[in-house]
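Report on the following structure.
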2 protein chains.
Amino acid sequence: MILRQATALVLRDFRLEAGLSQEQLARQSGIDRTYISGVERGVRNITLDSLETIVLALGVSQSEFVETLHNHLKMVKAVD
Amino acid sequence: MILRQATALVLRDFRLEAGLSQEQLARQSGIDRTYISGVERGVRNITLDSLETIVLALGVSQSEFVETLHNHLKMVKAVD
DNA sequence: GTGTGACTTAAAGTCCGTC
DNA sequence: AGACGGACTTTAAGTCACA
């Protein structure tokens, strides 16, 4: 599932860019650290609402997040 | 949940553009018609995997879908 | 500071139908 | 053709101990 994998990568990138640990993001989002870990590794099939919660906790606008996701998906497309 | 609502609108737009009924899309995607109905109305909190399945069944690339989603989210942002 | 397996309980997703 | 409901099955949400 490429959408899931792309989302995982983008979420991790934004988190690191924000200088946050999974633990800090967990506190700010109210979502368990181990769940965030699973999402970033692409092993959890997250819902849109949970995704939105995490994105907002990262201090990123939904628009910005989706734009970055789009850039990643374009690259994947260019590879195959 | 704005991500959910934006997704709902974009999905419906793409389906109508493709000239498909919810029932036809349900058959092509293997996802229940009542569920697709709920997603398009924004009352269902879909997972990324299911979303990907529906998008692909619409004959739309993930990249294109996410790009359109981004455009909708930008507009929402401009309004508030 | 993160990955992972195992677990419970909420909710995703299906299938039947009616309006 | 699509909204909506009820009962059902499967899986995501959410948490823990431990590596």
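Note on naming: letters A, B, ... go to the chains in the order of the sequence lines (proteins, then strands), and numbering restarts at 1 for each one.
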Polar side-chain atom of A:Arg33 near backbone of A:Gln22 as donor-acceptor pair, under 3.5 Å: no
Looking at every non-hydrogen atom in both residues, tell me the closest pair between A:Gln62 and B:Leu73 and how far apart they are. O-CD1, 3.9 Å
Contacts to DNA chain D from residues 4-27 of chain A, heavy-atom cutoff under 4.0 Å, which residues? none
Rounded to whole Å, please give me the gap between CZ in A:Arg33 and C1' in D:dA17. 11 Å
Knowing that exactly one of A:Val10, A:Leu11, A:Leu9 qualifies, which makes a side chain to side chain contact (heavy atoms under 4.5 Å, CB included) with A:Leu69? A:Val10
Answer yes or no: is there a donor N or O on one side and an acceptor on the other, between the side chain of B:Thr7 and the main chain of B:Leu3, under 3.5 Å? yes
Counting distance only, does the side-chain N/O of B:Asn45 pair as donor-acceptor with the main-chain N or O of A:Asp49 below 3.5 Å? yes
Remember a base hit wins even if backbone is also touched, and classify A:Thr34 as base, sugar-phosphate or nothing at under 4.0 Å, heavy atoms. base
Is there a donor-acceptor contact under 3.5 Å from the side chain of A:Gln28 to the main chain of A:Leu25? no
Starting from the 5' end of DNA chain D, give me the residue, B:Asp49 or A:Asp32, whose nearest nucleotide shows up first. B:Asp49
Are side-chain N/O atoms of A:Asp32 and A:Thr34 paired as donor and acceptor at under 3.5 Å? yes
Reading DNA chain C from 5' to 3', where do the contacts with chain A start and stop? Cut-off is 4.0 Å to heavy atoms. C:dG1 to C:dA12
Is there a residue in residues 36-45 of chain A whose heavy atoms reach under 4.0 Å of DNA chain D, and which residues are they? A:Arg44, A:Asn45
